[in-house]
K.L.:
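Before anything else, here's the structure in question.
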Amino acid sequence: MRTMSASDHQLVLLPTPRRLERREGYVRVPAFGGGFPVRDQAMREIVESCLGESTRQANPGEPAIDCRVKRGLMRGLGDGWRSIGSQRYSLTISDQGIVVDADHVAGLRLAIFTLRQLLATAPRDGGRRRLACVHIEDEPSFAARGVMLDVSRTRVPTMAQLFETVERLASIKLNHLQLYTEHTFAYSFAEEVWRGCGPMTPDEIRRLDEHCARLGVELSANQNCFGHLHAWLNTPKFGPLAETHGDWMFDIWPRRGPHSICPTDPASDRFVASLLDELLPCFSSPLVNVGCDETYDIAFGRSKDAVASRGRAAVYLDFVSRIDALVRARGRRAMFWGDIALSHPESIAGVPPEIIALAWGYEPQSPFDQWGRTLREHGREAWVCPGTSTWRTITSRTKERRENINNAARAGAAYGATGFLVCDWGDTGHQQQWPMTMNALGHAAQAAWNTPNPDSAPIARSMHALGDASATLAAYIDELGDADLPLRETCGELSRPGKPSRLLNQSAIFIDMHKKFDEDTHVGDVREWDGTLERLRGLASRIPGGISPLASDEMNHTLDVATFAAERGAIRRRTGGMVASDRARLSERLRAIMDEHARLWRIRSREGGLSQSLAFYRQILDRFEVES
């Protein structure tokens, strides 16, 4: 046995196994498409699904995959995978062949995904592949390692993109997926709500659910059932359910119009029941995320008297409990975003005992330790939910992502969280490009699987999360994600007036791009804006070669948007501000950006939502004319 050397790129895995021994020698196996030999024919369908290539009956004496799974646990996805032990496996590659030992089919799948990564980077040897001899023993830190993708803020992926995404997630050992829904499921009774949005249909969800199950991924229903329902409540049919159509406060920001359904109206219960009755039969998972986050408008309208009498937390939790009862009556188990309950720790005892609390926070300082301690003290099952730090950024936020994900994983493991769910949102037009998200999901896969070593190597993310043969793209995205870090650390006032501190939940160049020409020009030293622009121009000149044509286009577009935003920000802070020549030049650049945004959108996403996404760029473009 010898230690792994830096030259063994084929042993760079994502996530990093708990134990990997490099042993002497190699074994030659068929080239891709040659039919990989398997000894146990009962396992062939599972092996083929996870390996991503065809298999055949092994010939006598031929190196082949030998799967050893305890027969008593040979079930489908089911509930049997919901433990760390059921996902434990060992994988041994020797000149005698490939041996997988697992207690459960879940562990078998994970072993085959490890083998798939090894095969993807194995050198070719005379028309065959040469696998290094290794012994791996592995198990996850979290039984459930999930991803939540926002499909309600304009961008709904195509089915091809969703199928490809599931395969990529499964291959890096992520085993749970939610599609965050507000109004983009095609309910039969609500065409006026989802019309033109490119919604997911019941048939599409069932097909995706089947695809997920084949790969050992649980597709869980997700439907916000309380707040974030403005698309419903702005219609005549569902408007009467709203808490208010008037003014209210979202944290420190004034808001107007409907947001949440009224928690004291019996019609709200009937509405939620109608959602669950159509949505839940499309999913085989017992879990359903019912949302219930950020219901800040409660007490600003019809529930005002009830809140005055009983308190906001009591009114809120009463409705959450009724939603939970509706879920349980349909044989499912609810999860909910725990922000409102965690902001009133004294009320957690009133949270239904069987509901799973999702403790979410997207900044380095998010108090996952405190939340975990509180939920454990009250005996509540919890998942930790950090973020990808991609939305409202253009370039992503590398430093914040790294600290947020790592802190969530460590606290979750310490306080017994049973799941890890990383969230990727799409606020303000869902304009981030897919490689930014997938790079972050690669980091999350490492942290959720191997929490003691949560930082994944960029080379591993490149090869296995991004599918980048050059193995350079992840490191580049990480560098790009901190191009405006000095501004993020000082420009909090761009978001919160009078708060000259760290900017939260967005990048400086993104939020500044949406400001008027003369708005907040005192925020951020112009030298830092110029420095950010210089760094971005330097990065634009060295986008990695060898990446796929689509990834190259997406990265070029990302740099076009980022340099546009940084240049606009720098110019408007200089003495004299924006002049006519600047306006004309930047206006022309933005039109080209919008054209490319639309072209790239149509490759991965449905047409529905594109016009709304472009509207955010159009508002910026209009300022070049209106404010001239």
Side-chain angles (χ1 to χ4, degrees), residues 154-155 390-396 428-436 476-477 479-481 483-484 487 491 494 506-521 523-524 526-543 549-605 610-628:
T154 69
R155 189 186 288 272
T390 59
W391 61 94
R392 288 176 59 85
T393 68
I394 307 171
T395 59
S396 76
T428 320
H430 212 138
Q431 293 168 349
Q432 70 266 29
Q433 297 301 305
W434 183 244
M436 322 305 289
Y476 178 86
I477 291 175
E479 184 181 358
L480 175 60
D484 79 336
L487 291 174
C491 291
L494 287 174
Q506 58 212 313
S507 73
I509 57 174
F510 183 91
I511 187 172
D512 195 78
M513 180 172 65
H514 294 271
K515 298 285 184 179
K516 298 177 181 178
F517 290 132
D518 60 353
E519 184 181 5
D520 291 335
T521 56
V523 181
V526 67
R527 290 169 296 184
E528 287 292 358
W529 283 92
D530 285 333
T532 295
L533 178 58
E534 183 178 354
R535 285 188 292 276
L536 287 168
R537 284 173 170 165
L539 285 160
S541 70
R542 53 183 177 88
I543 292 174
L550 177 55
S552 180
D553 287 349
E554 289 170 328
M555 295 312 301
N556 274 288
H557 178 64
T558 296
L559 269 297
D560 285 344
V561 180
T563 54
F564 163 84
E567 184 176 2
R568 181 183 181 276
I571 288 174
R572 71 189 197 90
R573 284 167 174 81
R574 292 181 192 140
T575 303
M578 196 81 63
V579 297
S581 58
D582 291 328
R583 293 173 189 270
R585 178 172 52 82
L586 291 175
S587 177
E588 189 63 26
R589 283 185 60 189
L590 184 53
R591 288 189 176 89
I593 284 170
M594 293 170 67
D595 289 344
E596 182 66 354
H597 177 72
R599 185 185 75 83
L600 292 173
W601 179 287
R602 294 183 173 108
I603 295 174
R604 297 190 188 270
S605 306
L610 175 56
S611 61
Q612 295 97 314
S613 180
L614 285 170
F616 289 98
Y617 280 134
R618 194 165 293 111
Q619 290 174 358
I620 302 168
L621 184 64
D622 289 345
R623 290 197 178 108
F624 286 109
E625 300 173 359
V626 174
E627 299 181 19
S628 60

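Bear in mind that the values here come from a model prediction, so they are computed numbers and not experimental data.
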K.L.:
Distance-only criterion, 3.5 Å: show the donor-acceptor pairs between side-chain atoms of residues 613-620 and protein atoms not counting sequence neighbours.
P.N.:
residue, atom, partner, partner atom, Å
Ser613, OG, Gly429, O, 2.6
Ser613, OG, His597, NE2, 2.9

K.L.:
What are the two closest heavy atoms between Arg573 and Val523, and how far apart are they?
P.N.:
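Reported closest heavy-atom pair: NE-O, 2.8 Å.
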K.L.:
To the nearest 0.5 Å, tell me how far Met436 CE sits from Thr390 OG1.
P.N.:
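That separation rounds to 8.5 Å.
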K.L.:
State which residues pass side chain to side chain contact (heavy atoms under 4.5 Å, CB included) with Arg602; sequence neighbours excluded, sorted by chain then number.
P.N.:
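By the side chain to side chain contact (heavy atoms under 4.5 Å, CB included) rule, Arg602 matches Ala598, Glu607, Leu610.
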K.L.:
For Glu479, which residues count as a side chain to side chain donor-acceptor pair (under 3.5 Å) partner, sequence neighbours excluded?
P.N.:
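Residues passing side chain to side chain donor-acceptor pair (under 3.5 Å) with Glu479: Arg542.
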K.L.:
By the definition side chain to side chain contact (heavy atoms under 4.5 Å, CB included), identify the one residue from Met513, Gln431, Gln432 that meets it with Ile394.
P.N.:
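Per the side chain to side chain contact (heavy atoms under 4.5 Å, CB included) rule, the option paired with Ile394 is Met513, out of Met513, Gln431, Gln432.
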K.L.:
If we count only N and O atoms by modelled type, under 3.5 Å, do the side chains of Arg591 and Ser587 hold a donor and an acceptor together?
P.N.:
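Judged by distance alone, the side chains do pair up.
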K.L.:
Can you sort out the partners of Arg572 under salt bridge (Lys or Arg N to Asp or Glu O under 4.0 Å), two or more places apart, ordered by chain and number?
P.N.:
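Residues passing salt bridge (Lys or Arg N to Asp or Glu O under 4.0 Å) with Arg572: Asp512.
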K.L.:
With sequence neighbours left out, write down each residue that passes side chain to side chain contact (heavy atoms under 4.5 Å, CB included) with Asp560, or none if nothing qualifies.
P.N.:
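Counting only residues at least two positions away or on another chain, Asp560 forms a side chain to side chain contact (heavy atoms under 4.5 Å, CB included) with Ile593.
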K.L.:
Yes or no on side-chain contact (heavy atoms from CB on, under 4.5 Å) for Asp518 and Met578, after CA distance, side-chain angles and deciding distance?
P.N.:
CA-CA 9 Å; Asp518 60 353; Met578 196 81 63; over 6 Å; no
K.L.:
Quick one: closest heavy-atom pair of Cys491 and Gly524, and the distance?
P.N.:
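Taking every non-hydrogen atom into account, SG-CA, 3.7 Å.
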K.L.:
Considering residues at least two apart in sequence or located in another chain, which fulfil the salt bridge (Lys or Arg N to Asp or Glu O under 4.0 Å) criterion with Asp520?
P.N.:
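Counting only residues at least two positions away or on another chain, Asp520 forms a salt bridge (Lys or Arg N to Asp or Glu O under 4.0 Å) with Lys515.
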K.L.:
A side-chain contact here means heavy atoms from C-beta on lying under 4.5 Å apart; do Ile509 and Phe564 qualify?
P.N.:
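A side-chain contact is absent here, since even the closest heavy-atom pair is not under 4.5 Å.
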K.L.:
Does the side chain of Glu567 reach to within under 4.5 Å of the side chain of Arg585, using non-hydrogen atoms?
P.N.:
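Heavy-atom side-chain distance check passes, below 4.5 Å.
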K.L.:
Could you check whether any side-chain heavy atom of Arg574 comes within less than 4.5 Å of a side-chain heavy atom of Asp530, counting everything from C-beta outward?
P.N.:
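The answer is yes; the side chains approach within 4.5 Å.
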K.L.:
Look at the side chain of Arg604 and the backbone N and O of Leu600, then say whether any donor-acceptor pair between them is shorter than 3.5 Å.
P.N.:
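Absent.
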K.L.:
Quick one: side chain to side chain donor-acceptor pair (under 3.5 Å) partners of Gln433, sequence neighbours excluded?
P.N.:
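Applying side chain to side chain donor-acceptor pair (under 3.5 Å) to Gln433 gives none.
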K.L.:
For Ser552, check side chain to side chain contact (heavy atoms under 4.5 Å, CB included) against everything at least two apart and list the hits.
P.N.:
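Testing Ser552 for side chain to side chain contact (heavy atoms under 4.5 Å, CB included), a comparison that skips the adjacent residues, returns Ile547, Asn556.
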K.L.:
How would you list, by chain and number, every residue that makes a side chain to side chain contact (heavy atoms under 4.5 Å, CB included) with Ala483, sequence neighbours excluded?
P.N.:
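Residues passing side chain to side chain contact (heavy atoms under 4.5 Å, CB included) with Ala483: Leu536, Leu539.
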K.L.:
Would Ile603 and Glu554 count as a side-chain contact (heavy atoms from CB on, under 4.5 Å) if you check the C-alpha gap in whole Å, the side-chain angles of each, and the deciding distance to 0.1 Å?
P.N.:
CA-CA 11 Å; Ile603 295 174; Glu554 289 170 328; over 6 Å; no
K.L.:
Would you compute the distance between atom CZ of Phe517 and atom CZ of Arg583 and round it to the nearest 0.5 angstrom?
P.N.:
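The CZ atom of Arg583 is 4.5 Å from CZ of Phe517, to the nearest 0.5 Å.
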K.L.:
Can you tell if the side chain of Arg568 reaches within under 4.5 Å of the side chain of Leu590, non-hydrogen atoms only?
P.N.:
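Not touching, per the 4.5 Å side-chain cut-off.
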K.L.:
Please enumerate all residues that pass side chain to side chain donor-acceptor pair (under 3.5 Å) together with Arg527, with sequence neighbours excluded.
P.N.:
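Checked Arg527 against side chain to side chain donor-acceptor pair (under 3.5 Å); matches are Asp525.
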K.L.:
Any idea which heavy atoms bring Leu494 and Ala508 closest together, and the distance?
P.N.:
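For Leu494 versus Ala508, the nearest heavy atoms are CD1-O, 4.1 Å.
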K.L.:
Is the backbone of Trp601 close enough, under 3.5 Å, to the side chain of Arg155 for a donor and an acceptor to pair up by distance?
P.N.:
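No, because the side chain of Arg155 does not come within donor-acceptor range (under 3.5 Å) of the backbone of Trp601.
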K.L.:
Within a 6.0 Å radius of atom CD on Glu519, are there more than 12 heavy atoms belonging to other residues, nucleotides or ligands?
P.N.:
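Yes, enclosed.
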K.L.:
Just jot down the salt bridge (Lys or Arg N to Asp or Glu O under 4.0 Å) partners of Arg599, sequence neighbours excluded, or say none.
P.N.:
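Arg599 satisfies salt bridge (Lys or Arg N to Asp or Glu O under 4.0 Å) with Asp553, Glu596 once adjacent residues are dropped.
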K.L.:
Run the salt bridge (Lys or Arg N to Asp or Glu O under 4.0 Å) test against Arg535 and tell me which residues pass, sequence neighbours left out.
P.N.:
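Once residues adjacent in sequence are excluded, Arg535 has no partner under the salt bridge (Lys or Arg N to Asp or Glu O under 4.0 Å) criterion.
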K.L.:
To the nearest 0.5 Å, what is the distance between CZ on Arg392 and CZ on Phe510?
P.N.:
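Here the interatomic distance stands at 5.5 Å.
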K.L.:
Would you sort out whether Leu559 and Leu480 count as a side-chain contact (heavy atoms from CB on, under 4.5 Å), showing the intermediate values?
P.N.:
CA-CA 9 Å; Leu559 269 297; Leu480 175 60; 3.8 Å; yes
K.L.:
Can you tell me how far apart CD1 (Ile511) and CG (Leu487) are? Round to the nearest 0.5 Å.
P.N.:
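Ile511 atom CD1 to Leu487 atom CG measures 12.5 Å (nearest 0.5 Å).
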K.L.:
Is there a donor-acceptor pair under 3.5 Å between the side chain of Asp484 and the backbone N or O of Thr532?
P.N.:
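No; zero donor-acceptor contacts below 3.5 Å.
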